[in-house]
Amino acid sequence: MLDKGVSTTTQEPEMFGHPKGLFYLFFAELWERFSFYGMRALLMLYMVNEIFKALAEKDAAAAAVYASYGSLVYASTVIGGRISDKILGMRASIFLGGILMSLGHFVLAIENDIAFFLALAFIVVGNGFFKPNISTFVGSLYKDGDRRKDSGFTIFYMGINIGAFVSPLLCGWLGQTYGWHYGFGLAGIGMLTGLAFFWSGIKNNVFGDRGLPPNPEIYEKKIMGIPQKTFVPIVSFLAAPVIAYLLSEYKAVGGGETFLGDKNIVNLLFVLIGIAVLINMVIIIAKAAADERKKLVMAVLITFFMTLFWGFHELSGSIITLFADRNVDLTWLNAAQTNSLNPVFIIILSIPISLLWAYLSKRNLNPRTPYKFGLGLVLAGACFYVLGLSGASANENGLVPMAYLVIMYFILSIGELFMSPVGLSKITDLSPKRIVAFMMGVWFLSSAFAFQIVGFISKQLAIESTDVNVGGMETLAVYTDGFNLIGLYSLCAGAVVLVFSPLMKKLLGKVH
């Protein structure tokens with residue numbers, strides 16, 4: 001059914017001045033992000049309180065799994081996007097990814113260690129097919145030069161943040177009130193709801209013939225007697241146990257060191273990927289024309305800066321959630337639910353900051369990309385200093401006022417809006433058309449490498465204790481000292497970017 005399409009009509013259906021398909025994709029992505037962030041809000045807490053609770057090194061073990069999972073989730077988008085472009089098309093890829101992710105969330109609801117790692121693996125593979133394709137699908141709704149495209153993506157990304165805001169509140173409440181697995185189960189229901197919206201869009205023909213397999217012959221071509229449209233899903237399912245093994249490596253050795261020491265196979269894999277990407281970039285830059293070479297160097301720098309920022313930002317799902325659980329005097333929200341603070345601030349601040357850039361542009365004062373990136377890293381550093389300072393206000397039980405956490409997320413969200421929205425568009429502007437797909441893959445990999453930073457930092461701030469209720473004064477200084485150090489690194493990185501921004505402006509050329 002997925003390989004058959006219906007021709008588009010001359011006048012495509014619209015809603016609120018946009019293609020009607022946008023709103024089906026809006027709700028599909030909203031519910032997919034609901035499932036993803038709802039699960040993420042519970043993940044670190046679940047691992048330290050259940051999966052690794054018998055280990056003194058449970059924080060380090062959970063950090064290793066969290067980092068490997070996050071890295072593989074984002075790296076899988078490069079492979080999934082490539083398979084979609086060559087074989088499946090966007091529709092089949094979104095369905096395959098959604099089914100795999102739903103399966104992963106529901107398997108998480110099973111109280112079993114083996115099921116836990118297999119569930120994470122299904123989510124990794126599923127996200128690889130779903131995430132890159134639904135964003136691309138939004139872009140395909142608009143013709144080249146359509147001025148509605150930017151506002152269409154703004155609407156779409158609002159759906160992402162609504163899902164990311166609501167899910168930790170609901171899944172976190174269910175997880176604390178009725179049990180972890182009820183929270184995971186709700187995330188799975190969210191994913192199925194997203195698929196239902198996407199399917200209804202196809203049934204109502206709001207997408208026309210978009211998203212079909214790029215080449216029906218390749219789609220039907222047989223490998224080992226099996227059509228590729230069937231072969232790809234089979235291989236995807238079979239890949240899950242392999243990924244589950246990689247994720248469970250720390251558990252398999254009882255929390256001790258693996259044959260790679262305190263590293264694991266995923267760490268080694270990303271070292272090799274990083275070396276391969278760098279070699280490819282050097283070759284591409286060396287062969288490029290002089291004007292292209294400058295822009296490509298700038299694209300690499302932007303990707304590096306974004307990797308640093310996400311490396312600090314993604315601590316929200318690991319160390320900052322544990323800090324909230326152990327050392328924050330929480331009111332209204334539990335530790336998992338505090339993951340809602342970042343998306344709600346993004347929703348609130350998106351329009352004011354967008355209006356700020358428009359206001360500054362009219363007066364020719366809008367800062368160019370390097371300055372925005374430098375300021376974003378400075379803000380990231382400032383927000384961690386806020387958490388570092390919180391220790392001075394701790395009560396006798398080692399709990400700090402929740403206001404510090406709220407302020408921290410407020411500042412971090414401003415930094416994110418300074419960097420993330422402009423980064424993706426600048427990569428497309430700076431990359432020659434012949435390699436723009438490769439550069440987009442490198443951009444996606446930046447988030448994967450960011451989780452390697454998350455894993456390293458989380459291990460440094462890991463608490464060693466067999467007490468699942470560890471916290472208070474026993475953990476306060478470890479966290480606040482660590483946050484101060486992270487703040488210093490981020491501020492220094494931001495200062496370096498700002499100092500060298502005049503030179504980077506020359507690399508940008510006419511790109512703002």
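Of all heavy-atom pairs between Tyr409 and Ser316, the closest is OH-CB, 3.3 Å. The two residues Asn342 and His313 come nearest to each other via the heavy atoms OD1-NE2, 3.3 Å.
With Phe449 as reference, Phe270 is the one residue of Trp310, Phe309, Phe270 to meet the ring pair (Phe, Tyr, Trp, His ring centres under 6.0 Å) rule.
The number of heavy-atom neighbours closer than 6.0 Å to CZ of Phe237, taken from other residues, nucleotides and ligands shown, is above 12. Annotation for Leu356: atom CG counts as buried by contact number, over 12 foreign heavy atoms lying within 6.0 Å.
A salt bridge is absent between Lys459 and Glu57: the closest approach of a Lys/Arg side-chain nitrogen to an acidic carboxylate oxygen does not fall below 4.0 angstrom. Ion pairing between a basic and an acidic side chain is recognised when a charged N comes within 4.0 Å of a carboxylate O; Lys131 and Glu29 show such pairing.
Ring planes of Phe36 and Tyr69: parallel class, angle under 30° (limits at 30 and 60°).
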Exercise for review: Check the pair Asn339, Thr321 against side-chain hydrogen bond (donor to acceptor under 3.5 Å, both in side chains), reporting the backbone distance first and the verdict last.
Suggested key: CA-CA 7 Å; Asn339 283 269; Thr321 298; 3.3 Å; yes
Check your understanding: Could you walk me through whether Phe305 and Thr369 pass the side chain to side chain contact (heavy atoms under 4.5 Å, CB included) check?
Key -> CA-CA 11 Å; Phe305 300 148; Thr369 298; over 6 Å; no
Side-chain donor-acceptor distances from residues 475-484 under 3.5 Å, at least two apart:
from	atom 1	to	atom 2	distance (Å)
Thr475	OG1	Asn327	OD1	2.5
Thr475	OG1	Asn327	ND2	3.4
Thr475	OG1	Gly472	O	3.3
Tyr479	OH	Arg326	NH1	2.7
Thr480	OG1	Leu476	O	3.0
Thr480	OG1	Ala477	O	3.4
Asn484	ND2	Thr480	O	3.3

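A side-chain donor from one of Tyr404 and Ser393 sits under 3.5 Å from a side-chain acceptor of the other.
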